[in-house]
Protein chains: 2
Amino acid sequence: MTDPATAKGRRARGPSPAKTAATRRALLDAALHTFLEYGFADTRMSDVAKRAGLAKGTIYRHFDDKTALFGEVLRTIMAGAAAGSALPRPRAEEHTGDFLRRAVLPMLAQLQASGMIAVPRLVAAEGPRFPELAAVYRRVAIEPVLRIIRVYARRAERRGELRSEGLSQMPILLAAPVVVATLWNGLFASDGQLEVTAVFSAWIDLVFGNSTAR
Amino acid sequence: MTDPATAKGRRARGPSPAKTAATRRALLDAALHTFLEYGFADTRMSDVAKRAGLAKGTIYRHFDDKTALFGEVLRTIMAGAAAGSALPRPRAEEHTGDFLRRAVLPMLAQLQASGMIAVPRLVAAEGPRFPELAAVYRRVAIEPVLRIIRVYARRAERRGELRSEGLSQMPILLAAPVVVATLWNGLFASDGQLEVTAVFSAWIDLVFGNSTAR
DNA sequence: AACTAAAATGACCCGTTGGTCACTTTAGTC
DNA sequence: GACTAAAGTGACCAACGGGTCATTTTAGTT
């Protein structure tokens with residue numbers, strides 16, 4: 001587009017673009033954690049700035065307003081999640097229940113460790129006030145997951161591993177227990193946390209049969 | 001305590017207590033619907049008043065502040081729900097899956113028709129900011145439901161209808177699909193609503209087996 | 001070292017809204 | 001119909017917090 005000389009000359013003075021990007025990242029990270037902890041309404045722009053070690057005004061050099069910041073936070077998260085998703089394939093004769101355990105449990109553990117597992121809860125809580133964002137989240141995060149579930153639901157149905165054909169038509173059933181466990185943990189933070197992996201495992205047992213006593 | 005004459009004399013002038021109670025009910029009802037639609041933070045006290053056909057100041061003659069109003073709304077809902085819950089019993093040889101369909105589906109349909117099915121979503125969204133309320137909700141609404149689920153999960157396990165013993169240990173698995181469907185409907189209000197009863201029915205099929213082809 | 005453009009700052013502004021209270025209206029009692 | 005206690009009212013207040021912008025700091029260039 002513009003020739004290199006112009007581009008170089010244009011950026012002749014002032015801090016490097018890398019530094020700018022780093023500031024932006026710091027703000028997004030601080031915002032994510034603050035939003036997760038307090039929700040949108042109870043998040044103070046000044047708190048986000050403080051957490052990032054910056055002044056409130058700085059936020060507005062990178063984002064139009066609070067809503068835009070929230071949107072960028074979610075967009076960034078989704079982009080990162082999409083990048084880091086690489087599901088293994090089931091082995092030829094592997095029982096689909098075993099495969100799901102093998103594939104999904106480590107992923108859940110990682111999500112839990114990184115704190116990212118709370119994101120769906122944030123979306124569920126704030127989504128109604130940001131319908132466009134909810135729609136993006138659905139398209140970018142939810143639908144792909146449902147599509148994958150549908151693939152393996154079909155496989156399990158083909159192999160006669162399930163008691164009904166319902167799962168491929170309603171793939172959300174497979175994800176529901178994980179979502180609810182996450183909500184639970186957000187609601188009752190202090191007392192009686194649910195181990196998300198244990199919930200999922202019990203769910204697989206119930207639907208596909210316990211692996212030991214199949 | 002106080003003798004009747006005193007009590008009567010004390011209330012000798014001014015509007016009747018019945019009228020007061022009606023006002024209170026109108027406010028609670030208006031508040032419930034406004035909270036359900038906008039959430040706690042985006043609910044304006046003036047809007048609640050307007051919806052109830054009263055002035056804002058009137059709210060403060062019945063409730064200490066916004067938080068107290070929210071709490072009373074939830075407490076009232078819970079009391080009402082607890083009162084109106086009468087589950088039938090399974091017939092002697094009835095398959096537990098059939099029984100659950102028979103017992104739960106009408107209840108879900110009724111909850112959906114009355115709009116009360118959105119309450120869990122409200123609690124999930126606002127709960128983290130009101131931990132005591134979340135705890136009350138858990139004790140009054142969630143735990144009783146889980147207890148009932150556990151009873152029928154045990155029955156099903158005893159009768160060999162399930163593929164694992166997990167359900168009685170993790171009764172939340174039964175409720176999860178309904179909760180998630182409700183969240184979904186709140187998030188994507190305009191497009192692709194889920195029929196909660198259909199979701200529950202598919203769940204039963206998957207876990208207990210389809211009633212036609214058992 | 002001087003220069004300067006971009007980045008960062010934070011005191012300030014101002015709209016919004018929860019909550020107050022002096023006043024008005026309502027409805028039982030005598 | 002006069003009396004009065006409770007219910008209801010809505011203009012008003014104060015605080016809070018999102019967003020602005022004149023000023024200062026930073027760092028690449030010459």
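Every chain is numbered from 1 and lettered A, B, ... according to where its sequence line falls, protein lines coming before strand lines. What you see below is based on every heavy atom in this structure, not just the backbone, and it leaves out hydrogens, waters and symmetry mates.
- Within 6.0 Å of CD in A:Gln110 there are 12 or fewer heavy atoms belonging to other residues, nucleotides or ligands.
- One atom, CD1 of B:Ile59, and another, P of C:dG19, lie 10 Å apart when rounded to the nearest Å.
- The side-chain tip of B:Arg138 points at the ring of A:Phe188 from less than 6.0 angstrom away and within 45° of straight on.
- Annotation: cation-pi pair B:Arg129/B:Phe40 absent, no NZ/CZ under 6.0 Å from the ring centroid and within 45° of its normal.
- Rounded to a whole Å, the NZ atom of A:Lys50 is 11 Å from the P atom of C:dG10.
- Nearest nucleotide to the side chain of A:His62, out of C:dA7, C:dA8, D:dT9: C:dA8.
- A donor and an acceptor atom, one from each side chain of B:Arg155 and B:Thr96, are located under 3.5 Å apart.
- Distance, A:Leu54 CG to C:dA6 P: 20 Å, rounded to whole Å.
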message: Please encode protein proximity along nucleotides 15-22 of chain D as a string of B, S and -, counting only heavy-atom distances under 4.0 Å.
response: --SBBB--

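- A salt bridge links A:Arg101 to A:Asp205: one of the charged nitrogens lies within less than 4.0 Å of a carboxylate oxygen.
- Rounding to whole angstrom units, CG of residue B:Asp47 and P of C:dG18 are separated by 9 Å.
- When the side-chain nitrogen and oxygen atoms of B:Thr23 are compared with OP1 and OP2 of D:dG8, one or more of them lie within a distance under 4.0 Å.
- Checked against B:Glu72 for a salt bridge (Lys or Arg N to Asp or Glu O under 4.0 Å), the options B:Arg24, B:Lys66, B:Arg25 give a single hit: B:Arg24.
- Spacing between atom CZ of B:Arg61 and atom C1' of D:dT9 amounts to 10 Å, rounded to whole angstrom units.
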